[in-house]
Amino acid sequence: MTEPNKNAVENTTATPSDFIRDIVTQHVAEKRYPLIHTRFPPEPNGYLHIGHAKSICLNFGIAREFGGVCNLRMDDTNPTKEDIEYVESIQEDVNWLISGWANDRLGLKPKGKTPEVTNTNGSPDFILPATTNNDQPASNSEPFYASDYFNQLFEYAVALIRKGKAFVCDLTPDETDEYRRHAKESPFRNRSVEESLDLFARMKAGEFPDGTRTLRAKIDVASPNIWLRDPLIYRIRHAEHHHTGAQWCIYPMYDFAHCLSDYIESITHSICTLEFEVHRPLYDWILESLGLSRLLPKQYEFARLSLGYTVMSKRKLMQLVNEGLVTGWDDPRRPTICGIRRRGVTPEALRNFAYNIGITKYNGLTDVAVLEHAIREDLNKRALRRLVVLRPIKVVITNLDAGRTEELDAVNNPEDENAGKRKIPFSRELYIERDDFAEVPPPKYFRLRPGGEVRLKYAFIIKCDEVVKDAAGKITELRCTADFESKSGGANAGRKVKGTIHWVSATHSVEAEVRLYDRLFTVPEPDAEGDFKRHINPHSLEVVAARCEPSLKEADPRMRYQFERLAYFALDKESMPGKLVFNRTITLKDNWAKEAPRS
RNA sequence: UGCCCGAUGGUGUAACGGUAGCACAAGUGACUCUGAAUCACUUUGUCAUGGUUCAAAUCCAUGUCGGGCAGCCA
């Protein structure tokens with residue numbers, strides 16, 4: 001049997017080019033950093049989706065192309081939204097997507113390891129180096145967690161207060177909002193360093209309820225950039241954290257935690273999406289205000305992915321799960337990485353897609369056709385061809401005896417001669433696809449019709465002699481005669497007929513549940529206006545009982561299949577020996593579907 | 001409203017002051033024991049107006065349109 005990953009195609013030779021890689025290239029040329037170090041920092045509050053895949057491919061791609069490292073970091077500074085379930089799924093999805101490509105660039109840390117002090121002369125300074133798969137067996141490693149730096153972040157915050165650059169503020173959330181909107185200084189802005197230090201320590205000790213006090217950076221309340229108007233950097237939250245437990249009741253805000261986590265991990269290029277652009281001055285301000293001794297990371301922003309006929313926001317994806325509109329996070333109709341994987345898409349296809357769409361600062365809408373093309377291109381090269389009839393109609397070969405079986409040769413993959421051949425049984429009773437017979441054929445129809453001929457793939461040319469119907473007028477079977485000389489290699493093998501259709505032997509075929517997936521939404525931008533759920537496609541899933549050629553009894557979950565003339569399929573995780581379940585990954589391109597309605 | 005960012009065929013992107021190219025999509029034809037794949041060909045574009053320059057998609061100015069931010073979310 002062929003290796004599952006053999007014959008894969010990937011743009012590994014072409015080097016992607018975009019404005020971020022241009023910057024990195026220049027930094028490498030001027031030897032600005034000893035090592036190019038990126039990071040992928042998801043918040044564990046949901047499952048990863050194809051938009052994250054774009055970011056993963058960017059960050060790991062850069063690490064790969066420039067001989068660097070990309071840390072996986074849980075950006076877990078908000079205990080009320082995050083969960084261990086998401087931590088686990090994130091690791092699984094990242095590993096799946098980068099395996100065989102950039103898994104050797106994955107930056108982890110030894111289990112339980114926390115940052116070390118690098119500078120003892122007054123201001124605190126911490127470092128936590130990454131290890132890669134090359135340095136350390138994966139079982140002793142774990143991802144980075146922003147929450148592992150809570151001690152260090154606390155010390156950095158104290159340092160900021162000491163420098164007179166942060167203060168404890170007693171304003172309520174509403175008041176804070178109000179003051180900020182009107183560019184008004186907090187009445188607590190000028191309280192003494194000692195008092196802020198004392199209050200901050202007491203915040204940490206749990207003396208105050210949620211929302212009563214915050215730690216704020218002292219920057220510029222009149223700044224045109226809202227994020228510089230004395231932004232909050234710590235808030236009180238009496239909540240258990242999935243990673244640090246009940247240790248803390250104050251938690252750092254994103255802006256404070258992120259830049260410093262990058263610094264601690266020696267990140268050089270901190271790449272995020274466009275909505276953080278206005279935060280960049282704050283990112284720089286915090287790092288510069290602390291007077292840190294090592295090279296500072298820099299933030300760069302690119303446009304997040306929007307894809308046609310789907311929704312990408314975590315909130316909406318969560319809503320679809322909670323309201324039972326899909327079966328779960330890994331429902332194959334969803335744009336989540338696990339859903340895409342379950343559907344049968346390979347990591348290579350997803351990476352090629354990410355490569356093809358490029359990286360810019362323009363917020364566009366990517367056509368799903370680009371994704372579909374990447375999937376088809378990959379599957380065409382690797383999928384094993386099989387004959388399966390989705391909606392059967394019976395065909396009786398009247399000039400073949402009942403007990404007789406012919407064994408016919410079939411090519412496993414015309415795109416890969418190493419994939420070999422297999423035998424398919426042919427007998428008196430067959431099934432063909434209902435769509436492949438038309439009693440009253442439309443123009444240019446070249447499949448089977450009354451009195452017409454068609455070739456059965458890998459087998460014989462048959463002629464339809466009689467259409468049998470039941471009392472209600474429904475077609476129950478087609479009675480046909482076969483030209484046994486027309487078999488591949490036979491005397492009449494070269495005989496031309498217009499159509500070739502797929503078939504299975506009725507007696508030898510095995511049943512399978514086949515799940516036919518279509519796009520989840522009926523419009524290109526479901527969330528453009530109004531309620532996105534109004535646009536859910538009622539036909540996004542159809543389940544049929546299909547008849548498969550017998551070789552599919554040994555179907556392998558690692559393999560991909562093309563049911564000839566129909567679509568690409570993969571085994572679902574619910575499939576069992578004796579109870580086959582296939583998911584349709586994507587249909588074959590169908591020009592007939594475009595042609596037929598014209599007539 | 002304030003601040004920030006962006007605009008190249010239908011869609012997504014390249015061109016780094018010097019021939020507007022690529023991919024997807026669409027269309028035509030060839031081939032075909034998959035109406036697939038493959039191959040060949042074709043259609044369609046620099047937001048607008050000024051300026052700088054021998055030369056502008058690229059630099060400058062103004063405008064138009066689009067997006068983002070204004071959580072004790074990330």
Side-chain angles (χ1 to χ4, degrees), chain A residues 17-19 22 41-43 45 75-78 80-82 146 169 171-173 176-177 180-181 183 210-216 223-229 231-237 250-251 253-255 257-258 272-281 301 303-304 308 314 355-374 376-377 380-381 385 387 410-411 414-415 444-447 454-461 486-488 493-502 524 562-567 587-596:
Chain A
S17 169
D18 54 64
F19 76 99
D22 287 349
E43 184 188 12
N45 68 345
D75 203 3
D76 54 351
T77 55
N78 185 353
T80 61
K81 291 193 172 175
E82 296 149 8
C169 179
L171 254 25
T172 66
T176 309
D177 223 39
R180 185 166 36 207
R181 238 195 289 282
D210 289 5
T212 53
R213 277 180 234 264
T214 56
L215 183 68
R216 299 178 67 176
S223 170
N225 183 341
I226 298 284
W227 292 103
L228 261 20
R229 320 248 262 225
L232 274 60
I233 58 179
Y234 261 92
R235 79 285 216 185
I236 302 172
R237 273 265 211 289
I250 56 171
Y251 291 93
M253 299 288 291
Y254 164 84
D255 289 296
H258 204 90
C272 60
T273 43
L274 251 25
E275 66 270 28
F276 294 102
E277 217 160 13
V278 286
H279 294 240
R280 194 185 335 128
E301 310 87 13
R304 61 159 13 108
K314 277 186 187 173
Y355 171 84
N356 288 337
I357 57 176
I359 301 291
T360 62
K361 297 184 79 146
Y362 175 74
N363 274 305
L365 180 68
T366 298
D367 193 335
V368 266
V370 180
L371 208 214
E372 294 174 345
H373 173 262
R376 288 193 181 105
E377 186 181 47
N380 176 48
K381 287 277 185 287
R385 271 57 173 178
L387 298 186
V411 173
E415 303 285 328
K444 296 189 190 169
Y445 185 85
F446 30 92
R447 281 111 96 154
V454 78
R455 174 176 286 282
L456 297 180
K457 179 89 181 173
Y458 305 123
F460 314 99
I461 293 171
S486 65
K487 176 175 139 177
S488 307
R495 243 183 85 200
K496 297 286 178 200
V497 283
K498 258 189 295 186
T500 299
I501 62 173
H502 58 279
Q562 184 199 99
F563 296 174
E564 291 211 48
R565 303 207 310 128
L566 297 170
T587 59
L588 249 31
K589 261 173 56 178
D590 186 0
N591 283 320
W592 172 242
K594 279 185 255 176
E595 178 64 38

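Computed from a prediction, not measured in an experiment: that's the story for all the values here. Both backbone and side-chain heavy atoms feed into the values below; hydrogens, waters and symmetry mates do not.
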> Going by a 90° cut-off around 0, is B/G9 syn or anti?
Replying inline: anti

> Considering only B/A74, B/U13, B/G12, which nucleotide approaches the side chain of A/T366 most closely?
Replying inline: B/G12

> Of the nucleotides B/A37, B/G6, B/C72, which has the atom closest to the A/Y362 side chain?
Replying inline: B/G6

>> Which nucleotide wins on minimum distance to the side chain of A/D75, given the candidates B/A37, B/G71, B/A74?
In response: B/A74

> Would you call A/R181 and A/D177 a salt bridge, using N to O less than 4.0 angstrom?
Replying inline: yes

> Counting side-chain heavy atoms from C-beta on, which of B/G27, B/C3, B/C72 comes nearest to A/K594?
Replying inline: B/G27

>> Closest approach to the side chain of A/E277, judged atom by atom: which nucleotide of B/A70, B/G35, B/C4 is it?
In response: B/C4

> So what's B/G66 paired with, Watson-Crick or G-U wobble, going by both distances under 3.5 Å?
Replying inline: B/C5

>> Less than 4.0 angstrom from a charged side-chain N to a carboxylate O is my criterion; do A/K444 and A/E595 meet it?
In response: yes

>> Looking only at the side chain of A/T360 (C-beta and beyond, no hydrogens), which of the listed nucleotides B/G35, B/A37, B/A14 gets closest?
In response: B/A14

>> Can you tell me the base-pairing partner of B/C72? Count Watson-Crick or G-U wobble geometry only, both distances below 3.5 Å, and say none if there is no partner.
In response: none

>> Under 4.0 Å, heavy atoms only, any strand: does A/Y251 hit a base, just the sugar-phosphate, or nothing?
In response: nothing

>> Angle between ring planes, A/Y254 versus A/H279, binned at 30° and 60°: parallel, tilted or perpendicular?
In response: perpendicular

>> Please pick, from B/C16, B/U34, B/C72, the nucleotide with the shortest atom-to-atom distance to any side-chain atom of A/D22.
In response: B/C16

> Going by modelled atom types, is there a donor-acceptor pair between the base of B/C5 and the side chain of A/N363 at under 3.5 Å?
Replying inline: no

>> With a 3.5 Å limit on both atom pairs, tell me what B/A30 is paired to, counting Watson-Crick and G-U wobble, or say none.
In response: B/U38

> Considering only side-chain heavy atoms of A/M253, which listed nucleotide, B/A74, B/U34, B/G2, is closest?
Replying inline: B/A74

